[in-house]
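Indexing begins at 1, ligand by ligand and atom by atom, following the structure's order. Atoms considered below: every heavy atom in the structure, side chains included; atoms not considered: hydrogens, waters and symmetry mates.
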Amino acid sequence: MIFQSTELPPFLAYRKGRLYLEELALEELGAQFGTPVYIYSAGALRAAYQRYLQAFTSVGLNLSLCYAIKANSNLSIIRLFGELGAGADVVSGGELYRALQAGIAPEQIVFAGVGKTAAEMDYALEQKIGTFNIESASELALLERRAVAVGQEARVSIRVNPNVDAQTHPYIATGRNHNKFGLNPTQSLELARYAAGSASLFLVGLQMHIGSQVLQVGPLVEAFKCLLSLASQLEVEEIYLEQLDLGGGLGVTYQDEQPEQPDKLAAAIADLLKEHQSKQPYRLISEPGRYLTANAGVLATSVLYIKQGELVDPCFAIVDAGMNDLIRPALYNAKHRIMPLHERPGALSQVYEVVGPVCESGDFLGHEVTLTELKEGDMLGLLGAGAYGFSMASNYNSRLRPPEILVDEYTARLIRHRETYEDLVFLED
Ligand code: LLP
């Protein structure tokens, strides 16, 4: 979904100066549940899911959508997508556990990651998951041994690294040959042949994921062409694939980005599949995370102190959310819009450094943010916080991780409690 930087994401709107998510004023939720607090819109999550799926179905593609639960791993969020028919993309035993707890059918789970352990493989084999996405020859060899030991055939897809530049932040670009992810086309063919010939492995397909916050579909289409060409080569050898997995990656608007949309991606994929001659139609998988959740979430925080810096401008707005709650600004220099939860009409604008309480100068949420003059106690909302927000939160500085709230029209449900001091030390001697 694209919106102009002057507009708000769908499901967010000012009414009489107060910022609402669906039918509830965020300031009231902040007061009721305390700040900092993550607040998500069920309507926005459902709408993004339908938009993504519809883009593919409307060009005649039957998409299996496996939600990348790393974006937002709360059980209620996974359950919400599960109820809409989603499977899950998981990258650890912990994420697999969450997906199963949320009721995702094992056969709708794909398991990615360069460093799966034997214990994680055993767990996933016992649960009979849909697909292991394989990223190295050693991993495939271990999976084969574990499949024999567990007595359960492993369904395998090879993650191809097509050496395509996704043109995103280097930390979240994964499709170039200097990245640790996937296998080059030659290695991919070798492993696919090996898996196809193994008694305890079952080769289901090929997978790709070239990066995250990808704003143009061009690189995704390039990478998919590479998958199709490998599929053709395998067919010549009478190795037939059931599925092709596009990975995730489509970007969203945080400030003024204009990301290309799923309909453009789906149309390009449909065209390529039409040109491609294969013995049977493929099951197409996609693993979106950010697209489904980013703009459905707000991190609400309160201004603790206003402090004039040594320099006249800007002044510091010290808020109660920090880099432990939302690490994206510090880690990727990401820019989340910061909006007052209650506008003060007529107030003068001022430039602020919006910073948290953590003991690091890297603990900022926004640089040079222009806001109408703030007072201590005012609440602010960080937009676009529904993806890689809470899921990347930590207890650094022994801070308690915030609660999470799911808004559905007029109701607000606490879907994760605020941690307590007892929670902090629970596992320690
Ligand atoms: N599939 C695989 C194999 C992935 O590694 C990822 C994300 C996804 C799907 C979902 O990608 P998405 O649709 O969300 O772009 N923490 C970073 C993002 C890291 C993404 C890692 N992999 C951030 O906050 O920007």
Original post:
Is the NZ or CZ atom of Lys70 positioned over Tyr388's six-membered ring, under 6.0 angstrom from the centre and within 45° of the axis?
Top reply: no
In terms of atom number and element, which parts of ligand 1 are under 4.0 angstrom from non-hydrogen atoms of [X]?
X      : result
Pro288 : 13 (O)
Arg328 : 23 (C), 24 (O), 25 (O)
Ala68  : 8 (C), 9 (C), 10 (C)

Is the backbone of [Y] close enough, under 3.5 Å, to the side chain of [X] for a donor and an acceptor to pair up by distance?
X      : Y      : answer
Arg328 : Met392 : no
Arg418 : Pro36  : yes
Asn295 : Leu383 : no

Less than 3.5 Å between some nitrogen or oxygen of [X] and one of ligand 1, yes or no?
X      : result
Gly247 : no
Gly289 : yes
Glu287 : yes
Tyr291 : no
Arg159 : no

Original post:
Are the aromatic ring centres of Tyr20 and Tyr14 under 6.0 angstrom apart?
Top reply: no
Original post:
Can you check whether His209 and Phe181 have ring centres sitting under 6.0 Å from each other?
Top reply: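 Distance test on ring centres: not under 6.0 Å, no.
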Original post:
Any chance the side chains of Glu235 and Tyr240 put a donor and an acceptor closer than 3.5 Å?
Top reply: no
Got the closest protein heavy atom to [atom], with its distance?
atom                    : answer
atom 15 (O) of ligand 1 : Ser212 OG, 2.4 Å
atom 19 (C) of ligand 1 : Ile172 CG2, 3.7 Å
atom 21 (C) of ligand 1 : Lys70 CD, 3.8 Å
atom 14 (O) of ligand 1 : Tyr388 OH, 2.6 Å

Subject >> Close approach of Gly249 to ligand 1, heavy atoms, under 4.0 angstrom >> reply: yes
Original post:
Per the side chain to side chain contact (heavy atoms under 4.5 Å, CB included) rule, which among Asn72, Leu292, Ile77 passes with Leu45?
Top reply: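 Among Asn72, Leu292, Ile77, the one meeting side chain to side chain contact (heavy atoms under 4.5 Å, CB included) with Leu45 is Ile77.
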Original post:
So between Arg290, His209, Gln213, whose heavy atom ends up nearest atom 11 (O) of ligand 1?
Top reply: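 Considering heavy atoms of Arg290, His209, Gln213, the nearest to atom 11 (O) of ligand 1 sits in His209.
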**OP:** Could you check which of Tyr254, Tyr332, Tyr67 puts a non-hydrogen atom nearest to atom 17 (C) of ligand 1?
**Re:** Tyr332
Subject >> Stepwise side chain to side chain donor-acceptor pair (under 3.5 Å) check, Ser200 with Glu153 >> reply: CA-CA 5 Å; Ser200 35; Glu153 186 180 61; over 6 Å; no
**OP:** Using the side chain to side chain donor-acceptor pair (under 3.5 Å) rule, take Asn74 and Arg416 through it: C-alpha gap first, then chi angles, then the decisive distance, then the call.
**Re:** CA-CA 8 Å; Asn74 185 291; Arg416 183 181 162 107; over 6 Å; no
